[in-house]
Amino acid sequence: MQGKTIAVATLVAGTLDIASAMILTALRGRSVTGMLQSVASGPFGEWPQTSGWIGAATGLAVHFAIMAAMVAAFVAASRLLPRMREWRLLYGVAYGALLYLIMYWIVIPLRWPPNPGAAITPMSVLMPLAIHILLVGIPIAWIVTAAQNVRKSAI
């Protein structure tokens, strides 16, 4: 049953997150294929950047693999903190914010060091933070804790 919960939460949060990335990329006049290739280049180096749709598909797979790890971590934490079931919205907000901090302040800068002249603006922080809270953290918390509540009430 936990595998199904992880799969559903990964599919929902992963789809919401990547859809928002695709929309924002297109609105900025950039290539969605290029964005997905960039995601793939994180763990696989530069080859996805020149591999067309294969590089983009690899980026999509990488994205969902990372999301599955995020969901699995929440499932593990929820076993240690049973109050998460009662406070799912609060924990979803907190988890989304934590994931934002990890991705945008640790993972991305380690892979792609920031341009020294690049400015941090309110929008460059608030937009991805809101996306991680609303489209990743809350859906993960809601789906995982709802499944746990169903299992608990069935016992």
Side-chain angles (χ1 to χ4, degrees), residues 1-28 30-44 48 51-112 122-155:
M1 185 74 149
Q2 280 182 330
K4 182 179 177 182
T5 301
I6 290 172
V8 169
T10 298
L11 184 61
V12 170
T15 299
L16 291 170
D17 185 44
I18 201 65
S20 71
M22 289 175 172
I23 291 166
L24 290 173
T25 298
L27 288 173
R28 292 179 182 131
R30 296 187 181 143
S31 164
V32 171
T33 300
M35 179 271 296
L36 290 169
Q37 291 168 331
S38 179
V39 171
S41 74
F44 294 114
S51 299
W53 69 269
I54 292 173
T58 303
L60 197 58
V62 166
H63 167 75
F64 278 99
I66 292 168
M67 190 62 65
M70 292 174 174
V71 172
F74 189 90
V75 168
S78 69
R79 286 189 193 148
L80 299 173
L81 303 167
R83 304 270 318 188
M84 290 173 97
R85 291 183 205 131
E86 299 164 30
W87 296 92
R88 68 176 88 173
L89 182 60
L90 176 66
Y91 279 95
V93 169
Y95 194 58
L98 175 65
L99 294 175
Y100 161 79
L101 289 171
I102 292 168
M103 289 302 295
Y104 281 80
W105 293 90
I106 298 171
V107 174
I108 292 172
L110 284 174
R111 174 56 177 102
W112 297 280
M123 195 55 109
S124 72
V125 172
L126 294 176
M127 181 64 77
L129 176 60
I131 288 168
H132 275 80
I133 289 171
L134 297 172
L135 303 181
V136 179
I138 291 174
I140 289 171
W142 205 267
I143 293 165
V144 170
T145 59
Q148 290 170 337
N149 286 339
V150 167
R151 272 195 301 273
K152 187 177 178 182
S153 67
I155 296 176

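Atoms CD1 and CG, on I140 and L135 in that order, are 10.5 Å from each other to the nearest 0.5 Å. With values rounded to the nearest 0.5 angstrom, I131 atom CD1 is found 4.0 Å from S20 atom OG. To the nearest 0.5 Å, atom CD of residue E86 and atom OH of residue Y91 are 9.5 Å apart. Interatomic distance, L89 CG to I138 CD1, rounded to the nearest 0.5 Å: 5.0 Å. Considering CG of L99 and CD1 of I133, their distance stands at 10.0 Å, rounded to 0.5 Å. Rounding to the nearest 0.5 angstrom, the gap separating the NE2 atom in H132 from the CG atom in L98 is 10.0 Å.
Close placement of the Y100 and Y104 rings is indicated, their centers lying within 6.0 Å of each other.
When all heavy atoms of T25 and S31 are compared, the pair lying nearest together is CG2-O, 3.5 Å. Heavy atoms only, all atoms of each residue included: P109 and M103 are closest at CD-O, 4.0 Å.
Using modelled atom types, no side-chain atom of S38 and backbone atom of G34 make a donor-acceptor pair closer than 3.5 Å.
Within 6.0 Å of CH2 on W105 lie no more than 12 heavy atoms contributed by other residues, nucleotides or ligands. The local environment of CZ in R30 is sparse, with at most 12 non-hydrogen atoms from other residues, nucleotides or ligands closer than 6.0 Å.
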Tabulate below the donor-acceptor pairs under 3.5 Å that side-chain atoms of residues 55-71 make, not counting sequence neighbours, or state none.
{"from": "T58", "atom 1": "OG1", "to": "I54", "atom 2": "O", "distance (Å)": "2.7"}
{"from": "H63", "atom 1": "NE2", "to": "G14", "atom 2": "O", "distance (Å)": "2.9"}

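Contact annotation: the side chain of L36 approaches that of I18 to within less than 4.5 Å [non-hydrogen atoms, C-beta and beyond]. Contact of the R79 side chain with the Q2 side chain is registered, since non-hydrogen atoms from C-beta on lie closer than 4.5 Å.
For the side chain to side chain donor-acceptor pair (under 3.5 Å) condition, the pairs that include at least one residue of residues 138-147, sequence neighbours left out, are R88-T145.
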